[in-house]
Amino acid sequence: MSTKPHKIIIAIDGYSSCGKSTFAKAIAARLGYIFIDTGAMYRAVTLYALEHGAIRSGIVDEEEVVRLLKEIQITFRFNPERGASDIYVNGDRVEGKIRTIEVSNCVSAVSAIAEVREMLVRMQQEMGRRKGVVMDGRDIGTVVFPDAELKIFMTADPKVRAQRRYDELTAKGDKVSLEEIEQNVRDRDYQDMHRAISPLRQAEDAIVLDNSQMTVEEQMTWVMEQIEQRTVTI
Ligand code: DC
């Protein structure tokens, strides 16, 4: 009989600004797993496209983005201060630049490009090869790891989500309006659910977590029970 629980893959999908990354990061820290924020990867590609002229006045030049992909190298490096990995593009740390409203407004269009998804999905699958990962995104339980042992689909009231993102951005000193954020949250939900490739949807075997009225601690208690059921080794 083994006493050590075996490692699993935990896939967390759901709508924008549900707190997926915060939740995934906390689970990974509790279990000693690797946390991978796949939204950061799509954001990093979007930032690069913005900085290299492939997006002008909010219009995404898909061919140009695909051309740029060849020169984009994404890596993660653990940052002990954050207790999570920072994302780098071609050796530059871009963690602080990828969550602006400008990037948020263009990221859904960039993430709808087939070649972008192929490149990033391949990287994500490689990162989870040895299990022991918590990955959050939109297509983790459906496309990246359809065999993940635990799939969670997170949702929350759009108004609650907009308020959370607003608090986060204003705390950093960004000048944004709550209406603008709520519009962005709703637009991204729509675009992520209606894109042709790997649209956001709940995997059949995912369990739903609506955290509109839940604290992080309540969510942790809930998820640890789910994990325990899936990692018991006899
Ligand atoms: O999780 P986030 O809000 O940082 O993600 C940013 C965008 O990236 C999101 O609007 C859709 C896209 N995305 C995706 O298409 N697939 C993923 N696995 C993760 C994010």
Side-chain angles (χ1 to χ4, degrees), residues 9-25 35-50 55 58 60 62 65 69 72 74 76 84-87 89 94-128 133-146 148 151-156 158 160-162 164-166 168-169 172 174 176 181-203 206 211:
I9 290 181
I10 302 174
I12 303 183
D13 291 303
Y15 297 103
S16 298
S17 306
C18 274
K20 295 188 298 295
S21 297
T22 309
F23 188 47
K25 189 171 124 180
F35 155 59
I36 298 155
D37 172 359
T38 64
M41 299 167 78
Y42 289 94
R43 286 173 180 276
V45 172
T46 305
L47 176 71
Y48 194 88
L50 277 163
I55 304 175
V60 178
E62 291 194 14
V65 174
L69 283 180
I72 301 179
I74 294 179
F76 286 95
S85 294
D86 287 340
I87 189 161
V89 174
V94 294
E95 192 60 49
K97 294 202 269 181
I98 57 169
R99 297 182 205 281
T100 61
I101 192 81
E102 193 188 12
V103 171
S104 295
N105 282 337
C106 302
V107 65
S108 283
V110 170
S111 62
I113 302 171
E115 289 85 346
V116 172
R117 302 205 72 82
E118 275 161 29
M119 178 175 110
L120 298 185
V121 166
R122 220 177 309 119
M123 277 185 71
Q124 290 152 13
Q125 289 172 332
E126 182 54 31
M127 290 188 274
V133 297
V134 189
M135 198 173 278
D136 84 282
R138 304 292 189 288
D139 59 344
I140 311 305
T142 52
V143 174
V144 182
F145 294 117
K151 298 180 186 177
I152 299 168
F153 191 83
M154 280 178 82
T155 177
V160 173
R161 292 190 272 137
R164 286 179 188 157
R165 179 126 306 187
Y166 175 80
E168 206 177 277
L169 290 172
K172 280 198 305 183
D174 284 8
V176 286
I181 302 286
E182 190 176 331
Q183 195 55 49
N184 174 261
V185 162
R186 288 183 190 275
D187 288 349
R188 281 201 294 144
D189 284 355
Y190 185 86
Q191 291 179 48
D192 294 346
M193 284 188 293
H194 292 87
R195 69 173 171 232
I197 314 157
S198 316
L200 168 65
R201 66 176 177 82
Q202 185 189 330
N211 70 3

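In listed order, ligands and their atoms are each counted from 1.
Here the protein heavy atom with the shortest distance to atom 3 (O) of ligand 1 is Arg188 NH1, 2.9 Å. The shortest contact between atom 19 (C) of ligand 1 and any protein heavy atom is with Thr38 OG1, 3.3 Å. Protein heavy atom nearest atom 4 (O) of ligand 1, with residue, atom name and distance: Arg43 NE, 2.7 Å.
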Audit row: Arg122, Glu126, salt bridge (charged side-chain N to carboxylate O under 4.0 Å, His left out) steps and yes/no
CA-CA 6 Å; Arg122 220 177 309 119; Glu126 182 54 31; over 6 Å; no
Would you sort out whether Arg161 and Asp189 count as a salt bridge (charged side-chain N to carboxylate O under 4.0 Å, His left out), showing the intermediate values?
CA-CA 11 Å; Arg161 292 190 272 137; Asp189 284 355; 2.8 Å; yes
Checking salt bridge (charged side-chain N to carboxylate O under 4.0 Å, His left out) for the pair Asp139/Arg117: CA distance, chi angles, key distance, verdict?
CA-CA 10 Å; Asp139 59 344; Arg117 302 205 72 82; 2.9 Å; yes
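The atoms of ligand 1 that sit less than 4.0 Å from any heavy atom of Ser111 are 11 (C), 12 (C), 15 (O). The Asp192 neighbourhood of ligand 1 comprises atoms 9 (C), 10 (O), 11 (C), with distances under 4.0 Å to a heavy atom of that residue. Near Asp139, meaning under 4.0 Å from any of its heavy atoms, are these atoms of ligand 1: 16 (N), 17 (C), 18 (N). Proximity to Ser108 (heavy-atom distance under 4.0 Å) selects the following atoms of ligand 1: 10 (O).
Other residues, nucleotides and ligands contribute over 12 non-hydrogen atoms within 6.0 Å of the CD atom of Gln125.
Among Leu69, Ile74, Thr38, the single residue meeting the side chain to side chain contact (heavy atoms under 4.5 Å, CB included) criterion with Leu120 is Ile74.
Between Arg138, Arg165, Met41, Lys20, it is Arg138 that holds the heavy atom closest to atom 9 (C) of ligand 1.
Using a 4.0 Å heavy-atom cutoff, Arg117 is listed among the residues neighbouring ligand 1.
Judged purely by atom type and a 3.5 angstrom limit, Arg195 has no side-chain atom pairing as donor or acceptor with the backbone of Ala112.
Contact annotation for Arg195 and ligand 1: only side-chain heavy atoms (C-beta onward) come within less than 4.0 Å of the ligand.
Residues Met154 and Ile152 are in side-chain contact: their nearest non-hydrogen atoms beyond the backbone lie under 4.5 Å apart.
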